[in-house]
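Below: one structure, written as structure tokens.
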Amino acid sequence: MSPLTFGVAQLNPVIGDLVGNCDRLLTAIQEFAAKGVSLVITPELSICGYPPRDLLMSQQFVDDMETAIAILASKIPSDIAVIVGTVCPNPDAAKVGGKPLFNSAALLQDGKIKQVFHKRLLPSYDVFDEDRYFAVGHGSQIFTLNFKNGDALQIGVTICEDIWNDQKFWDKRNYAEDPVAELTQNHALDLLINLSASPYAVKKQKLREDMLSHSAIVHNLPLIYANQVGANDDLIFDGRSMAFNRDGKMIACGKSFEEDLLVIDFGSAAKPRSQTLGLWGYESDEAEIFAALVLGVRDYVRKCRFKQVVIGLSGGIDSALVAAIAAEAISSKNVLGVLMPSPYSSEHSITDAIALADNLGITTQTIPIQPMMAAFESSLTNIFAGRASDVTEENLQSRIRGSLLMAISNKFGNLLLSTGNKSEISVGYCTLYGDMNGGLAAIADVPKTRVFDLCKWLNCTSSPLAIKSKSGFDNAEIIPVNIITKPPSAELKPDQFDQDSLPPYDILDDILDKLIHQHFSEAEIINSGHEQAIVERVVKLVKIAEFKRRQAAPGLKITDRAFGSGWRMPIAQQA
């Protein structure tokens, strides 16, 4: 290999596992050294994992990180340099308004920490709250990498957000400074690197590539972007680390949603590693989203030390999709589906749920809830005397089911996956302490219309479960067609359908997209062509459902606006 050979350690850290993260990184460094790599680049905060959040408020945690990185430096082979994401104390923290730490990158070489670089731009929008912990970086952001043949490179260091503020690309600036422009104007650089922890959102990768390519062209510099992979709580990180030559051509791309050790040789004519299917290895948005959700469930289960999951199987499309995700994420043998029919459950709901379980190869248990419904009715007869049955009795059915699922979760130590979609959660069409029960809301950021699209895609011959089913099951149908074609219903009373209470999902989802993602006002949504009464009702439902969302399980984020750590609406507000 040429001297211009670099490595990106696109690894999946466990937040707070300083020793384990360093051990995995050292193994990768040793593999890179054997391949003749000169410099290894890791993602942002790779020592502790991103985002560490309030763990950073523990001085012991910060001290342990300092110890861990010193030990790592002492073990690195002498013929390789590593730049690793970490935190550093701020010596000026005692000043008024001073933050205790910097979000940093440390250059490790010759058994020690040779240089440290600090992040300049600290995002505080959406899921980010870095100015809660970190001070704005300052000082030199370059280092010299010397080679055995006498060559040397001047390398500029940026950390994640530092590279997202190019006015020419965005037509505006979110920050007064542009660290990349300052670096290139003040120094004769040979290479620009970026340590990143950029969360996944559908269609975001195209934006990343365009932005990074633009930066390489504008500054006439090759660029290496190292991104974290893995899921931490509600955030999914898709990896896809990249390298661009000074002409803005992508010459290397890491795997999507998987760990990867990416070797980049600027001295060769190597073609990009990215696949040729479009969308960076995925033939559709649905294929990409499914891969993201599978990683989200797999890592949540693993990192929270579960081994199996339990799901309430209603025979509906939402629980079908969640079951399919779980089966792919942690293997069918580790998924338990529980059928809990009531007197209002249709026969096809039961047969559809069983057919789904057979297709996926998951175990099921059936617990009829009519006896518990009768017990509740008897216990509440006196206090409810003189009052007609209403949504209260409907919600009791959901809460009975939620209690049964939580009992199974407690008894066997299984993680309960809740199955509510984004459309329902948006307008509160869900029951607290019932179907909202769970440790993880797998599809909480997936609108109902997209749930249908994902299930239709799963039945295509190219989906991973369909491919497996050809050899493992009698037919390639993963989601029974009746689950996809029948009208959605909670089946909490006779002849009940979702559209008795909600607009058709295509209309509802378009209104919600304009309200939540595009930040349209009521008037703007109405002017776009929707009926005034429907819009006003949907907007009101979204507002008054905030108290439910605040008590929901964490939901995996796949869009730019999810009901998670980046959603900060008041509960008590004018509806």
Side-chain angles (χ1 to χ4, degrees), residues 202-203 256-257 275 277-298 309 311-337 339 346-364 417 419-424 442-489 491 497-498 504-506 509 556 558-559:
V202 64
K203 298 187 184 300
S256 306
F257 308 108
Q275 300 94 328
L277 292 172
L279 290 175
W280 299 267
Y282 298 96
E283 76 275 12
S284 65
D285 286 347
E286 285 67 41
E288 182 183 81
I289 290 169
F290 186 78
L293 294 173
V294 165
L295 175 61
V297 169
R298 179 184 296 134
V309 302
I311 302 169
L313 290 186
S314 66
I317 197 163
D318 298 317
S319 62
L321 176 58
V322 173
I325 293 166
E328 179 69 6
I330 62 170
S331 175
S332 300
K333 66 182 180 181
N334 294 316
V335 181
L336 171 65
L339 286 68
S346 61
E347 182 179 349
H348 63 71
S349 291
I350 300 170
T351 57
D352 288 345
I354 292 172
L356 172 78
D358 288 344
N359 290 350
L360 293 174
I362 67 177
T363 302
T364 63
L417 296 179
T419 60
N421 63 67
K422 189 171 190 174
S423 307
E424 297 169 349
I443 60 170
D445 200 25
V446 184
K448 187 78 167 188
T449 49
R450 178 138 266 167
V451 170
F452 279 98
D453 290 342
L454 282 163
C455 286
K456 291 174 185 176
W457 170 79
L458 278 170
N459 283 352
C460 293
T461 55
S462 59
S463 81
L465 291 176
I467 291 170
K468 290 179 182 178
S469 74
K470 289 180 181 179
S471 59
F473 306 113
D474 292 335
N475 60 67
E477 181 183 277
I478 301 303
I479 311 298
V481 171
N482 193 52
I483 288 179
I484 298 173
T485 58
K486 66 185 176 185
S489 172
E491 294 192 330
F497 299 101
D498 290 5
Y505 279 113
D506 57 342
D509 283 353
L556 297 175
I558 63 159
T559 71

Would you call [X] and [Y] a side-chain contact if the rule is heavy atoms closer than 4.5 Å?
X: F290; Y: E286; answer: no
X: V446; Y: L293; answer: yes
X: D445; Y: L556; answer: no
X: I325; Y: I443; answer: yes
X: L321; Y: L458; answer: yes

Measuring from atom [atom1] of [X] to atom [atom2] of [Y], what distance do you get when rounded to the nearest 0.5 angstrom?
X: D285; Y: I558; atom1: CG; atom2: CD1; answer: 9.5 Å
X: D352; Y: E347; atom1: CG; atom2: CD; answer: 10.0 Å
X: Y282; Y: F257; atom1: OH; atom2: CZ; answer: 5.0 Å
X: S349; Y: I483; atom1: OG; atom2: CD1; answer: 8.5 Å
X: S423; Y: Y505; atom1: OG; atom2: OH; answer: 6.5 Å
X: K448; Y: K422; atom1: NZ; atom2: NZ; answer: 15.5 Å

Going by the rule side chain to side chain contact (heavy atoms under 4.5 Å, CB included), which residues pair with A323 if we only count those two or more places apart in sequence or in a different chain?
I311, L313, L356, L360, I362

What pair of heavy atoms forms the shortest contact from [X] to [Y], and how long is it?
X: P480; Y: A355; value: CG-CB, 3.8 Å
X: A442; Y: V297; value: CB-CG2, 4.0 Å
X: I330; Y: R298; value: CG2-CA, 4.3 Å
X: S332; Y: G361; value: CB-O, 3.4 Å

Dump the intermediate steps for side chain to side chain contact (heavy atoms under 4.5 Å, CB included) on K486 and I317, then the final yes or no.
CA-CA 9 Å; K486 66 185 176 185; I317 197 163; over 6 Å; no

Check for a donor-acceptor pair, side chain of [X] on one end and backbone N or O of [Y] on the other, with a separation under 3.5 Å.
X: N421; Y: P447; value: no
X: N459; Y: I479; value: yes
X: S331; Y: N334; value: no

Closer than 4.0 angstrom, basic N to acidic O: yes or no for R450 and D509?
no

